[in-house]
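The next block holds one structure in the form of structure tokens; read it before the comments.
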Amino acid sequence: MASGAGAGSLFGTVDESAAAEGPFAEVAVQKPLRCEFTYRVPAEFVEALKPGMRVAVPFGRKREVGVVVALTDRCDLPASKTKAIAAVLDDEPVVDDDLLELTRWMAGYYACSWGEALGAVLPAALKREKGTRKRLVIAPVAGVGQEELAAVEEAHPKQHRLLRTLLEIGEATELRDLLRKLNLSDAPAKTLVKRGWATIERVEVEADALLSGDATDRVRPEQLSSQQADAVGAIAGALDDGEYRTFLLQGVTGSGKTEVYLRAIEHALATGRGAIVLVPEIALTPQTVGWFRSRFGEVAVLHSRMTDAQRYTMWQRLRRGEAKVVVGARSAIFAPVQDLGVIVVDEEHEPSFKQGNAPRYHARDVAVVRAHRAKAVCVLGSATPSLESWRNAKAGRYERLMLSERVHGGRMPAIEIIDMRDELPEQKGPKLFSRRLSIYLRQTLERGEQSILFLNRRGFAPVLWCPACGETVRCKQCDVAMTFHRRHGKLICHSCCEEITPPKSCPSCTAPGVRFLGLGSERIEDALSEALPGARIARMDSDTMLRREDYERTLDAFGKGELDVLVGTQMIAKGLDFPRVTLVGIVSADSGLHLPDFRASERTFQLLAQVAGRAGRGELEGRIVIQTTTPDHDAIKRAAEHDYEGFAALEDELREDLGYPPHGRLIRAVLEDTDESKVRDASRALADLLIRDVAPKGVMVLGPAPAPLAMLRGRHRHHILLKAPPNSAGLAKARDLLIGFAEEFARPRTTIDVDPVGLL
Ligand code: ADP
Ligand code: ZN
């Protein structure tokens, strides 16, 4: 533990001569300082204080809440330099030894501080001395409308953006969430209140459908399929052995993976052990939770939209053993489940299991580590496992369980690839639907069945382009093309949410006649209502689904047959199970394929397989249409053949040649600042340091180079990518160098991402 160094750097240099009198506590605080701090334990606390308890400590000029990670009799600091713990906040440890050890491992592995790792574990209510924060809701004042909107449109675009969204929602909504979504500070909100156009109120706990929801019945089938039975048998066997094991449950969509999870948990509960189930945030619906609740009764739920108080209540019920099963999104991996027996990670390949800010952990990987330490069983489930998990299974580190057939015997739907280069161009605008897709859409509607249309891009057109000079209209803050949203009549930056009114002539060369290029979900919806008059159509993307309830309501209506076609972005790719959907159209399979990321193919394959899995889930046969301009691309060809193995083997070979994961490990450093020359110089200096010290140890230093998103919210960004064989000692050294660099220089800001999942 870095007690001496840590305390030294904060309180001055170490004087060896007059050491202070113990006992002492090592305290981790939630700051990006990668060390713990040593405090004297006043006599009155000595008896009661244990590792894992929270304390209030003087820190700089402030008072902070920290977690005691160790008690010791030694401290190298002179008495005058040590400060005393101000208060002990708990009667018993809130973090048990297992979670203390797990977070210590995370701090080392993910290059964050122990305090930051503990910050991911503790519910917010325990991170402040004053306890839970109430939530604030904002609502538009009745009668406020177009006139007020017009009044702020030109001069105050931020107020305009906020007011417009409030009017769209039309009722009280959570303030913090909304501001985060629109990338706004609270200043415009306060101004709207001052103008008398909106109100902000404190509210007590809001009802949460996930917490009180019905127990959706998922009938416990009498008979498992033989593949399910084998899988359950293997997992139960491992549970009986009481040893750590990780299984990769690879099952096609509709093969009954959920039933395997449920049985595994039943088995764990029968022997008095608990369970954690992780699902992607978007899949955490009342329906999903209901399945677990109907089987197990008391089920705790943890997700980011709960209030501090709700999370805290759940946390305590788990800690006291009142609930033994928790279903949650990413951070539920830290739930204080007692006697942990099994951890399930559903859709383990989902990039959303990786956290985007410190600690930048991957919940799937933490799940494996936590299971290992707890001698528990980890079950990773997916129809399209990540290459990392696939390789781990090949190498024998995970045991693979296959569910290759759909439970109801339904065949996998036929997939047709349509080469859009063969389609006749439209009079004006891009070609949206091929002839075949148009025909199928019409036929499906006539038969009274349902369709899903997928396009992974929101808005109307992603580019406003000048034919005269070839320039596109770009965000001044972010240097990305701005997307046209027709409903709002605005160009919107998808990185920072800034909006502008589309110019009539080119901002670069002033030529008139700028044109909208490309397609987005809004345009698809538009074209669809023209192509299918009378059809009931809904669009699901983050523009139309402003609140969680909108999402659930739309799915509900679709499930009841009140809608004919659902158009959407990846929001509709996940876990939807509607037996009357017989047609799925992927309007463009190419949109994610050419991103500058070595996982672009893998993501495309996974997305196509997932979207395709939405059709033919019932008795009726399904049909999938994939429109593309690169029909020979492996990701597309193999997805059409339902050939995951073939794709994985090819992709794995490519990665091996290039030394990318799973055959190598990556660490990425991103340097950001408003001053570009600072960023350039610092990243050059950092790269030189790395080339000198770790390149000889087998670490490849790529860059520095401008990041693909070279400017974001007004900050210039450069990055360095480190690549090394999986067990390279050089990477550990590189991580230490990066940490040292990040801590020494406040500007430019340096973030370290270990095992990055995005490289933009
Ligand atoms: P996956 O998650 O693998 O896509 P699901 O778990 O959603 O598949 O299962 C698909 C459907 O099959 C669900 O409606 C589920 O209730 C049903 N099911 C699962 N196992 C069985 C079984 N052994 N017998 C009958 N129906 C089953
Ligand atoms: Zn922007």
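Only this structure's heavy atoms are used, side chains among them; waters, hydrogens and symmetry mates stay out. First listed ligand is number 1; within each ligand, the first listed atom is number 1.
- The atoms of ligand 1 that sit less than 4.0 Å from any heavy atom of T253 are 4 (O).
- Residues F578 and F558 place their aromatic rings such that the two centres sit under 6.0 Å apart.
- Of the heavy atoms in T258, both backbone and side-chain atoms come closer than 4.0 Å to ligand 1.
- Between Y644 and W390, the two ring planes are perpendicular [angle over 60°; tilted spans 30° to 60°].
- The salt bridge (charged side-chain N to carboxylate O under 4.0 Å, His left out) test with E266 singles out one residue from K324, R273, R220, and that residue is R220.
- Taking the ring centroids of H160 and H488, they lie at or beyond the 6.0 Å cut-off.
- Close N/O approach between G256 and ligand 1 is found [any backbone or side-chain N/O within under 3.5 Å].
- When distances to the Zn ion (ligand 2) are checked against a cut-off of 2.8 Å, H494 contributes no N, O or S atom below that limit.
- When rounded to 10 degrees, the angle formed at the Zn ion (ligand 2) by SG (C475) and SG (C493) equals 110°.
- Counting heavy atoms under 4.0 Å from ligand 1, residue S255 touches it through both backbone and side chain.
- Under 2.8 Å from the Zn ion (ligand 2) lies no N/O/S atom of C497, from backbone or side chain alike.
- Summarising the contacts of atom 19 (C) of ligand 1 with Q228, E347, E222, K257, the nearest heavy atom is found in Q228.
- Looking at E672 and R747, no side-chain N of the basic residue comes within less than 4.0 Å of a carboxylate O on the acidic one, giving no salt bridge.
- A side-chain contact (heavy atoms from CB on, under 4.5 Å) with F454 is found for one member of L608, I626, I586 and no other, namely I586.
- Ionic pairing of E651 and R391 is not present here: no N-O contact between side-chain nitrogen and carboxylate oxygen is shorter than 4.0 angstrom.
- Rounding to 10 degrees gives 110° for the angle at the Zn ion (ligand 2) between SG of C496 and SG of C478.
- Residue V252 places a heavy atom under 4.0 Å from ligand 1.
- Using cut-offs of 30° and 60° for the angle between ring planes, the F516 and F484 rings count as parallel.
- Ligand-side atoms of ligand 1 in range of L224: 23 (N), range being under 4.0 angstrom from any heavy atom.
- A salt bridge between D643 and R638 is present, with a side-chain N of the basic residue lying under 4.0 Å from a carboxylate O of the acidic one.
- At least one heavy atom of G254 sits less than 4.0 Å from an atom of ligand 1.
- Near Q223, meaning under 4.0 Å from one of its heavy atoms, ligand 1 places the atoms 22 (C), 23 (N), 24 (N).
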